[in-house]
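Written out below as structure tokens is the structure these notes cover.
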Amino acid sequence: MRLLLLAPPGAGKGTQGERLAGRLGVQHISAGELLRAQARADTGVGREIAAYQQRGDLVPDAIVFEVLTPVVVVAVARGGYILDGFPRTLPQATAAAELGVRLGLTLDAVVSLHAPQAVLVQRLLDRAIQGGRSDDTAAVIRHRLEVFTTTTSPLIAYYRDRGILVAVDADQAPEVVTTEILTRLSDRSLTPDRR
Ligand code: AMP
């Protein structure tokens, strides 16, 4: 199973990524988490990544590929992945598709999670109160949502045009969202029926 999770901040990519990986028995890879791990390292590139993340800006594609590619290659060898937070730009999507062609890999599905903007903002502010991430401040949250709308959301049409988009309402309890995703994947004969 090779699955992407495409969703604005606060839609539950991380939560669903973990839940789906557990249910489907493949590795969960979070692009944001991998980049945060690099950012914690006291290196030049780590400091560069930290600065982008702190502002809520996207990390440059070259750095993202350098960090992500080896992890994805290992996951593929082990049977697949649920990749959350990548791709986030059209150039990332086309580069990933080219790499897939070269490696003889295709994506099974792209799950797009959606929820009203007010719900996303509230969830992120709640996470901030619970001692969340340093990019969970009101101003940076607003910016990250703008970046999603302008730069990442065109990927929804990109994958819909390729016939692999599964759109799910994320404004529901996490277990309901997981069940809906698994049902929709099994409707496409992508998973054993686990209902
Ligand atoms: P996330 O954990 O998915 O909310 O991502 C947190 C931050 O990591 C984003 O605001 C970006 O700064 C960076 N990031 C994550 N994934 C990507 C990506 N595919 N391309 C560029 N930057 C990314």
Side-chain angles (χ1 to χ4, degrees), residues 1-34 61 64-65 68-117 119-120 123 145 147-195:
M1 166 68 66
R2 290 185 289 273
L3 199 74
L4 300 184
L5 286 180
L6 184 59
K13 289 190 304 293
T15 305
Q16 294 304 325
E18 258 170 54
R19 295 175 64 92
L20 290 170
R23 296 285 290 270
L24 298 171
V26 293
Q27 191 181 338
H28 171 219
I29 303 171
S30 160
E33 198 51 60
L34 281 176
D61 291 350
V64 174
F65 271 93
L68 229 61
T69 309
V71 180
V72 172
V73 167
V74 169
V76 165
R78 290 187 185 148
Y81 55 79
I82 313 281
L83 181 47
D84 96 53
F86 176 89
R88 258 171 151 107
T89 66
L90 273 174
Q92 285 182 7
T94 48
E98 279 163 24
L99 189 68
V101 169
R102 248 186 293 142
L103 299 175
L105 302 171
T106 49
L107 266 179
D108 292 311
V110 177
V111 175
S112 153
L113 300 174
H114 55 88
Q117 185 99 348
V119 170
L120 301 174
R123 282 187 187 172
L145 287 167
V147 169
F148 179 83
T149 304
T150 56
T151 311
T152 306
S153 71
L155 294 180
I156 296 172
Y158 174 89
Y159 288 117
R160 187 185 295 121
D161 290 349
R162 280 154 185 77
I164 55 170
L165 191 82
V166 172
V168 172
D169 176 8
D171 188 12
Q172 312 182 75
E175 53 279 8
V176 177
V177 176
T178 309
T179 303
E180 197 169 320
I181 295 170
L182 290 171
T183 304
R184 300 279 298 283
L185 293 176
S186 100
D187 288 347
R188 292 177 159 242
S189 307
L190 288 173
T191 63
D193 196 334
R194 287 157 193 262
R195 273 172 279 184

Using a 3.5 Å cut-off and no angle test, enumerate the donor-acceptor pairs between side-chain atoms of residues 91-100 and protein atoms at least two apart in sequence or in another chain.
residue : atom : partner : partner atom : Å
Gln92   : OE1  : Arg88   : N            : 2.8
Gln92   : NE2  : Asp61   : OD1          : 2.9
Thr94   : OG1  : Leu90   : O            : 3.2
Thr94   : OG1  : Pro91   : O            : 3.1

So, for Ala31 and Gly85, which heavy atoms are closest and what is the spacing to 0.1 Å? CB-O, 3.6 Å

Mind listing the side-chain donor-acceptor pairs of residues 6-20 below 3.5 Å, one per line with the distance, residues two or more places apart or on another chain?
residue : atom : partner : partner atom : Å
Gln16   : OE1  : Thr178  : N            : 3.4
Gln16   : OE1  : Thr178  : OG1          : 2.7
Gln16   : NE2  : Pro174  : O            : 3.1
Arg19   : NE   : Thr178  : OG1          : 2.6

All N/O donor-acceptor pairs, side-chain side in residues 154-166, below 3.5 Å, sequence neighbours left out:
residue : atom : partner : partner atom : Å
Arg162  : NH1  : Tyr158  : O            : 2.8

Close side-chain approach of Gln27 to Val71, heavy-atom, < 4.5 Å: yes

Derivation and outcome, side chain to side chain contact (heavy atoms under 4.5 Å, CB included), residues Ile181 and Leu113: CA-CA 9 Å; Ile181 295 170; Leu113 300 174; 4.0 Å; yes

Using every non-hydrogen atom in the two residues, find where Arg2 and Asp108 come nearest and quote the distance to one decimal. N-OD2, 2.7 Å

Could you tell me which non-hydrogen atom of Ala21 sits nearest to which non-hydrogen atom of Val26, and how far apart they are? CB-O, 3.1 Å

List the steps, then state whether side chain to side chain contact (heavy atoms under 4.5 Å, CB included) holds for Leu83 with Leu68. CA-CA 10 Å; Leu83 181 47; Leu68 229 61; 4.2 Å; yes

Spatial distance of atom OG (Ser30) from atom CG (Leu5) [nearest 0.5 Å]: 10.0 Å

Heavy atoms of Leu190 and Ala109 approach each other most closely as CD1-CB, 3.8 Å

Non-hydrogen side-chain atoms of Leu4 and Leu107 separated by less than 4.5 Å: yes

Of the non-hydrogen atoms in Ile29 and Ala75, which two are nearest, and what is the gap between them? CD1-CB, 3.8 Å

Would you check if His28 and Tyr81 make a side-chain contact, meaning some heavy-atom pair closer than 4.5 Å? no

